[in-house]
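Reading through the C-alpha cells given below for one structure.
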2 protein chains.
Amino acid sequence: MKFMEGVNKMFDRIGVIGSGSGGRAIAGMVANKGYKVTLGYRTKRKVATIKKRKTLEVCGALEKDVKLESVTNNVQNLVENSNIILIVVPANAHDAVIDQIAPYLVDGQIVLLNPGRTWGAINAYNRLKQLRPNLEIFIGETQTLLYTCRAIDDRGVHILKVKDEVDCCFYPESDNILMEDIISEMLPTLNIIDDIRQTSLNNIGSIVHPATVLLNSGAISRQQEFLFYSEGMTRAVVNVLEAIDEERCTVIKRAGLESKSLLQWLGDVYGCYEDNLFDAFRNVSCYADIKAPPKLEMRYVLEDVPTGLVPLASLGDYYGINTPNIDSIIQLASCMFNRDFMNLGRTIDRIGVPEEILHHHIIPDLASYFTEAMFS
Amino acid sequence: MKFMEGVNKMFDRIGVIGSGSGGRAIAGMVANKGYKVTLGYRTKRKVATIKKRKTLEVCGALEKDVKLESVTNNVQNLVENSNIILIVVPANAHDAVIDQIAPYLVDGQIVLLNPGRTWGAINAYNRLKQLRPNLEIFIGETQTLLYTCRAIDDRGVHILKVKDEVDCCFYPESDNILMEDIISEMLPTLNIIDDIRQTSLNNIGSIVHPATVLLNSGAISRQQEFLFYSEGMTRAVVNVLEAIDEERCTVIKRAGLESKSLLQWLGDVYGCYEDNLFDAFRNVSCYADIKAPPKLEMRYVLEDVPTGLVPLASLGDYYGINTPNIDSIIQLASCMFNRDFMNLGRTIDRIGVPEEILHHHIIPDLASYFTEAMFS
C-alpha cells in the first residue's frame, strides 16, 4: 500500500488538452485536489481571462477560484510538464491531438481520453504504435464526460452535476490494474471496468443526436428556435431514434454484451421511467432547457456520426447484421455536410479493432498478469 | 378524317374520379368544351356547393361557372356513364381506385391516369388484367398534372396556369395511335409520346418533395411556418436533392434515355436559369409563395415515396446502380411513417414491368400495327 501511494504521488502533474466546458471542469476539479494542472487551449480569445489570471472560476458543484499551474497553447510544454494527459476534445479531433502530442510523449505517461467515444483508446493506441513503435505509455478512455457543465465566458465553468459513476477502461485491458489507484485518486467517480467494449459501445449521444439534428436541419439552418429534446424529438423523430437504438442493441447483443435500451438508460441515468421514448424525452429534467444548436456544423453530427454511428454500422457489417436506419443517417449526413463519414470514421478496419475483441472476447486473467508483471 | 371525327364524338362522356384541385380543373376545362362530365368525389362536405348546384366555379385561366352532368360518390354510376375515365387522385390511391372501378368497366373505355407517376399505366394495366382478364380497354398516363391550380372551398377551382405541353402515353404504347385524336380533342395540351418510360421516369416531384419534408420534419410537426422552396431548401437540403437527382439521372441514362438534371428542368419548365440549385429554387416565381405543408402525413411523402423513389431505387437495383441517398430517404420515411414503403411501393417486381421496357426497349412499328389492326 505504501508503495502504491508513493507511485501515485509521482503522478501529480496533469495536462488537460481542451479548454471547452469539459476541459475546464476536469481541470478545476483536479487542480482543487492539489494536482498541478496545465490547461491547453487552441483559441486564446476564448480563455483570455483564465490565461491572464492563471485561475479558473468554478461554480456549481464546486464554488471556488482554482489556481492553475499554466495555461498554454504549446503542446510540447504541456506534454513535457505532465505525467497524466487528459484529452477533453470532441472525438473527431482525437487523431489530430494524438499526432500533435506523439513526438513529446515519454515512457510511463498516462493518456486518458475523456470521453473516448467508440474505440477511442484502441484508435489512439494503434495510432501511437505506428508513430512511436517503441513508446510504452498507458492509454485509456472514459465512457462519457464526468460532469454536466457549461463554460462561463473566458473565465470559468459552471459544473451543474458531477455524474455519480462513469466507466473507464485502459487498452489493453490488462493495464487497468496498474492504473486503478492512480485514476481513482485523481478522479474518484471513475469506475474502472475490464471490458473496453463497455466504454466504447454505450455511446448514447450518437444514437440520439445526429438523427434529431438531421430531421430538424431545416429549422436549425433557418435559426427557428426549439428545445432540442422536448420539441425536437417529435413523434416521427422518435420513431427513427427507436429504430436506431434497436439496431444498436442487436449489434451489442451479438457482441455478447448486455444491451440496455435507450428507454431503460434514461430511467437508470436520469430516474425518468416512462413506457415510451416520446414521453421520456419530455420528462428528463436535465434536458428541459437544452436548446437546439444554433448551427448544423457542430459536434452532434461532426463528432457523433464518425465516432459513434460509423463504428456501429461497421460492427453490424462485421457480424452480418443490417443497420439500415444507422446507415441512412450516415449517408444523409455525409451528403449534407459534404464529408465521407463512412471513410473518415471509425470503422473496424480503419481503427484496427482486434479480432479477439470483436469475436471471442477473453478477459485476461488480470491477477496472474499482475503478479507476473510485478515479479518478473 | 370523317371516320375519326365520328369516333371521337362517341367519346363525349367523361368521368373524373377525384375532386381535389386537379380533378376540378380538368372537369371544368373539358365540361367547358361541351363534354358531359360526371365528377366523382369521396367526401361530400368538400364538394357540397358544387354538388348542390351541379356547377363548378372556375376562375383564372378560365372565368366561368361550368355546368356538370352529375356529381356523385357512386363509382358504378360514374363508370357506366362515361366513355373516358380520368383518374385524378394521388398515385398511392390508384390501386384502390382501379379495384373500385374494375367490376363496371366495359370494352372500349379509356382510362387515363392524371398523372400516373412512375409506372402508373403499367400498374393499372397489369392489375386489371388480373381482375378482368378478358377486358379490352385503353389505359394511359400523363407525366404530370395539366394545370397549376388550387381548389376554392367547396365551390370551385382557381386555375393559375395551363401547362404548355404535358407528355402522355398509353400502355401498351401501340395503343397511342388509336388514342391520339381522341385525347388531343379533349385535352389539347397533352402531347402523345411513344415511350412510357418518359412519362414514368421524369417524376420530378419525387426528387424534390420527400427529402425536403423529412429534413424539415421537425419544423412541420411543430407547425413552425416556412416557405417550402425558398426557405425549406437550405444548403444542406439542396446537397441531398442534388445527390438524389444525380442518382436518378444515372439510372435514367442506364435505361438508354436522355436525362435532364433538375437544374436544367427548372430552366426549361420555369425559365429559371441559374448555375446552382440553391439559387434556382429561390428564383422560380411559381414557387415563391408555396408554404410548407401543415402536417407530415401528406402526398409529398405518402405519394412520392412509394410511386416515385421506390421505383427508381428498384430500377437502380435492377441495373446494378447504387442509389444510397434515395434508399436512405425511403428507409427513414418508412420508419417515420411506420410504413414499409419499399414493399408497398412500385418496385419492378410488384408492378410487373416487362423486361423489354427495362432492358431492350423496342418501339413497335406503329404504322404497320395500325394498318393491321384496321384491316384485319
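What you see is a predicted model, and the numbers here were worked out from it, not measured in a lab. Lettering of chains follows the sequences in order, A, B, ..., and the numbering in each one begins at 1.
Highest contact tally toward chain B, considering only A/Asn325, A/Val238, A/Asn338, A/Leu296, is held by A/Asn325 [criterion: heavy-atom pairs under 4.5 Å].
Within residues 200-235 of chain A, the residues having any heavy atom less than 4.5 Å from a heavy atom of chain B are, in residue-number order, A/Leu214, A/Leu215, A/Asn216, A/Ser217, A/Gly218, A/Ala219, A/Ser221, A/Arg222, A/Gln224, A/Glu225, A/Phe226, A/Glu231, A/Gly232, A/Thr234.
Between the CD1 atom of B/Ile244 and the SG atom of A/Cys335 there is a distance of 7.5 Å, given to the nearest 0.5 Å.
Taking B/Tyr270 as the reference, B/Trp265, B/Tyr287 meet the ring pair (Phe, Tyr, Trp, His ring centres under 6.0 Å) condition, with sequence neighbours excluded.
For A/Glu246, the CD atom is loosely surrounded, since the number of other residues' heavy atoms within 6.0 Å does not exceed 12. Counting non-hydrogen atoms of other residues, nucleotides and ligands closer than 6.0 Å to NZ of A/Lys46 gives a total of 12 or fewer. Within a 6.0 Å radius of CZ in A/Arg42, other residues, nucleotides and ligands contribute 12 heavy atoms or fewer.
Smallest separation of non-hydrogen atoms from B/Asn239 and A/Met336: ND2-O, 3.0 Å.
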